[in-house]
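So the structure is just underneath, and the comments pick up after that.
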Amino acid sequence: MIDIKYIRNSPDMLREAVKNKKEKADIDRILEIDELRRKLQYDFDNLRADQKKTSSEIPQLKKAGKDVSEVMERMKSLADELKSISTELSESGNELDSLLLTVPNIPAEGVPLGGEENNLQVRQWGEAKKFNFQTRDQVELAEINDLFDLKRAAKMSGSGFITYTGKGAALERALINFFLDFHIKKHNYEEISAPFIVNRETMTGTGQLPKLENDMYHIDQDDMFLIPTSEVSVTNFYAGEILPYSLLPKKFASYSPCFRREAGSYGKDNKGLQRVHQFNKVEMVRFVQPETSYDVLDEMVHDAEDILQALGLHYRVVVLATGDLSFASAKTFDLEVWAPGTGKYLEVSSVSNFLDFQARRANIRFRDNDGKVKYLHTLNGSGLATPRSFIALIETWQNEDGTITIPEALRPYLGNREIL
RNA sequence: GGAGAGUUGCCGGAGUGGUCGAACGGGGCGGUCUCGAAAACCGUUGUACGCCUCGCGUACCCAGGGUUCGAAUCCCUGACUCUCCGCCA
């Protein structure tokens, strides 16, 4: 959520942000409603002050044995007037609130303008591996090694679902444990495991709602949602709280399945494990003091990179252009890992700084050193998602005979075997 | 799923229609005392919005409605927590 005062003072900044992010928020209507609401609030406050003052005098008049019928008469009409103003006030308040929820975060300075095509590579690590034999892609490797079964998964759940089998299931579980342990031991994250089903308020807190309602699985009976990422539940862990200064900064690592309808994206890069409705992910979530958030953003990108490096996977780091940035994010880096069999870079991590945007929505504050209550900053990033890491790993570490060498860092999680 | 109890400020906990933003206790902070600390004593201690901005006004006692001139206090609906019973991984 963007501070209404900020919108009031710099509406052009917001018009610009809405345009660059290809959003539809109506800034002019917001300004209009805001002004109306404040006028009504002013009138209401004054009438209310009058009512309270007179009201407190009534018992005294009664005690003194005076006739209060005239005062009562006036109070009655005052009460009527107040009632109608308070109705208008709450109507305009509600409209303002729902309009404010449609305003996206403002892209940070220096973020490239334009759509996906303007995403900018900032660095890369390693290089595309050369093979002296004909490489196979994920699907071929999966068949040879019995790693996953898409047909049978579709039978149970439909297209876009996966069933990992045998060694594939073991490898996937190894990846999850490896990711979690890595962040906990090497980067000092605190492990957390929050619910996978959350309510509407929680989805609104991190900014998925109202915009992305159609992209999420919804449970009608209870009006609950399956989380698309554990960012949602973990960020809302502190919703509505004022955290003591000593608690910050807080860093969580969380494993969860992620559920995405991917409405409208059928046929787009969806071969094998590339784009699925349910996948596993280890997420990093941070609650930090405002002045540190951009440093923390860089740190988190490195935290995610460390994993790819430990697995010996070539990748590049890209800063997202305004049009590719998510609704709530001010600045996002994507990690794209090289998948030699598929012949593409695949997005395996997205690390974002939300500044105080989510904190305002979810009402997460902290008491600063000076005793003042302030909104904190939230960040999160994948570290990492398994399906595409899985693809890059098996394609990068494949051998001529179709077997897969396990990268050393992962061997402790797979019975210390060298070959999967 | 059934029955009951509860939800008040940083915490505990009063308050059942009228100067209640809220007694009292604890904690925190400041001060007196002390070489220093403890004890004791004194003071102070919520968030947000608005305006005629170092002051004043308003809102907030789980949430949303209602009754009333007036509600933390009465009524309705809902959420959550706890206890017991049932069911169950």
Side-chain angles (χ1 to χ4, degrees), chain A residues 1-9 30-101 103 193-205 209 219-225 233 236-248 250 257 290 356-357 359-376:
Chain A
M1 182 121 65
I2 300 292
D3 188 0
I4 180 65
K5 283 185 207 155
Y6 186 86
I7 302 179
R8 212 182 283 152
N9 294 331
I30 287 172
L31 294 171
E32 203 178 300
I33 289 286
D34 173 51
E35 203 178 320
L36 173 68
R37 203 206 89 248
R38 274 186 299 155
K39 192 192 155 295
L40 288 168
Q41 183 72 56
Y42 183 76
D43 293 345
F44 178 84
D45 285 357
N46 288 331
L47 284 173
R48 194 64 182 129
D50 187 10
Q51 184 186 50
K52 282 177 76 165
K53 188 162 165 288
T54 314
S55 175
S56 72
E57 287 164 7
I58 289 176
Q60 287 163 12
L61 289 173
K62 277 187 178 165
K63 228 175 252 171
K66 296 207 173 124
D67 176 30
V68 295
S69 58
E70 201 177 305
V71 182
M72 285 301 211
E73 208 50 42
R74 219 184 73 229
M75 288 296 274
K76 219 163 213 160
S77 70
L78 194 57
D80 287 345
E81 205 175 337
L82 262 168
K83 190 171 242 175
S84 84
I85 284 200
S86 84
T87 306
E88 284 181 67
L89 186 59
S90 69
E91 276 167 6
S92 59
N94 289 343
E95 183 175 350
L96 186 62
D97 288 345
S98 57
L99 284 171
L100 283 175
L101 289 179
V103 179
S193 178
F196 305 152
I197 300 177
V198 300
N199 59 28
R200 192 167 278 279
E201 201 181 347
T202 298
M203 275 300 180
T204 308
L209 287 179
I219 299 159
D220 285 338
Q221 202 172 7
D222 303 298
D223 194 24
M224 303 276 274
F225 296 87
S233 37
N236 279 283
F237 183 61
Y238 289 126
E241 297 189 38
I242 299 172
L243 306 179
Y245 184 79
S246 57
L247 200 75
L248 297 185
K250 199 78 185 167
D356 62 2
F357 188 84
R360 282 180 188 280
R361 288 191 161 228
N363 200 21
I364 310 170
R365 294 172 292 176
F366 76 107
R367 197 173 294 279
D368 207 348
N369 251 348
D370 56 12
K372 288 228 163 67
V373 175
K374 298 171 184 167
Y375 288 103
L376 47 74

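So that the names make sense, note that chain A is the first sequence line, chain B the second, and so on, each numbered from 1.
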Handout entry: Under-4.0 Å side-chain N/O to phosphate OP1/OP2 contact, A:R48 with B:G57
Key = no
Exercise for the section: Measure from CG on A:N94 to P on B:G64 and round the result to the nearest Å. Expected result: 10 Å
Practice task
Scan A:K83 against the nucleic acid and name what it touches under 4.0 Å (heavy atoms): base, sugar-phosphate only, or nothing.
Solution key: sugar-phosphate
Problem - Atom C1', compared across B:G65 and B:G30: separation rounded to whole Å - result: 45 Å
Exercise for the section: Can you check each nucleotide of nucleotides 45-51 of chain B against protein heavy atoms at under 4.0 Å and return B for base, S for sugar-phosphate only, - for none, in 5' to 3' order? Expected result: --SSSSS
Problem - Rounded distance in Å between the C1' positions of B:G2 and B:A72 - result: 32 Å
Fill in the blank from the handout: From CG of A:L82 across to P of B:G57 the rounded distance in Å is 17 Å
Problem - Polar contact flag, side-chain donor to acceptor under 3.5 angstrom, A:R48-A:Q51 - result: yes
Problem - Any donor-acceptor pair under 3.5 Å from A:R360 side chain to A:I2 backbone - result: no
Practice task
Ignoring hydrogens and angles, answer whether the base of B:G18 and the side-chain atoms of A:S55 contain a donor-acceptor pair closer than 3.5 Å.
Solution key: yes
Practice task
Let me know the distance between NZ of A:K53 and P of B:G70, rounded to the nearest Å.
Solution key: 17 Å
Exercise for the section: Answer with base, sugar-phosphate or nothing: what part of the nucleic acid does A:E57 contact at a heavy-atom distance below 4.0 Å? Expected result: nothing
Fill in the blank from the handout: If pairing means Watson-Crick or G-U wobble with both distances under 3.5 Å, then the partner of B:C29 is B:G43
Problem - Pair assignment for B:G21, Watson-Crick or G-U wobble, requiring both distances under 3.5 Å - result: none
Exercise for the section: May I ask you to decide if A:Y375's main-chain N or O and A:D356's side chain share a donor-acceptor pair within less than 3.5 Å? Expected result: no
Exercise for the section: Can you tell me the pairing partner of B:U7 across any strand shown, Watson-Crick or G-U wobble, with both distances under 3.5 angstrom? Expected result: B:A79
Exercise for the section: Using whole Å, report how far CD of A:E201 lies from P of B:C62. Expected result: 17 Å
Exercise for the section: Check the side chains of A:S77 and A:D80 for a donor-acceptor pair under 3.5 angstrom, ignoring hydrogens and angles. Expected result: no
Handout entry: Pairwise P distance, B:U83 and B:U73 [rounded to whole Å]
Key = 27 Å
Problem - Check: A:S90 side chain, A:T87 main-chain N or O, donor-acceptor pair, under 3.5 Å - result: yes
Problem - Distance (rounded to the nearest 0.5 Å) between A:L78 CG and A:D50 CG - result: 5.0 Å
Problem - Rounded interatomic separation in angstrom, taking CD from A:E81 and P from B:G70 - result: 13 Å
Handout entry: Atom P, compared across B:C33 and B:G26: separation rounded to whole Å
Key = 23 Å
Handout entry: Whether A:D34 side chain and A:I30 backbone form a donor-acceptor pair below 3.5 Å
Key = no
Problem - Atom P, compared across B:C10 and B:G4: separation rounded to whole Å - result: 33 Å
Handout entry: Base paired to B:G70 (Watson-Crick or G-U; both N/O distances under 3.5 angstrom)
Key = none
Handout entry: Under 3.5 Å on both distances, the Watson-Crick or G-U partner of B:A14
Key = none
Practice task
Check the surroundings of atom CD in A:E241: do more than 12 heavy atoms from other residues, nucleotides or ligands lie under 6.0 Å from it?
Solution key: yes
Fill in the blank from the handout: The Watson-Crick or G-U wobble partner of B:C87, with both key distances under 3.5 Å, is none
Practice task
May I have the distance from A:K52 (atom NZ) to B:A71 (atom C1'), rounded to whole angstrom?
Solution key: 12 Å
Handout entry: Inter-nucleotide P distance (B:A23, B:U34), Å rounded
Key = 34 Å
Practice task
Between B:G9 and B:A5, how far apart are the P atoms? Round to whole Å, please.
Solution key: 22 Å
Completion exercise
Atom CG of A:L40 and atom C1' of B:G57 are separated, to the nearest Å, by 17 Å
Exercise for the section: Tell me the partner of B:A37, counting only Watson-Crick (N1-N3 plus N6-O4 or O6-N4) or G-U wobble (N1-O2 and O6-N3) with both under 3.5 Å; none if nothing fits. Expected result: none
Exercise for the section: Take the protein atom CG of A:N46 and the nucleotide atom P of B:G57, then report the distance between them rounded to whole Å. Expected result: 11 Å
Practice task
Report yes or no: does A:R361 contribute a side-chain atom to a donor-acceptor pair with the main-chain N or O of A:L101 at less than 3.5 Å?
Solution key: yes
Handout entry: B:C42 versus B:C51 - spacing of their P atoms, nearest Å
Key = 42 Å
Handout entry: Any strand: nucleotide that pairs with B:G55 via Watson-Crick or wobble, under 3.5 Å
Key = B:C51
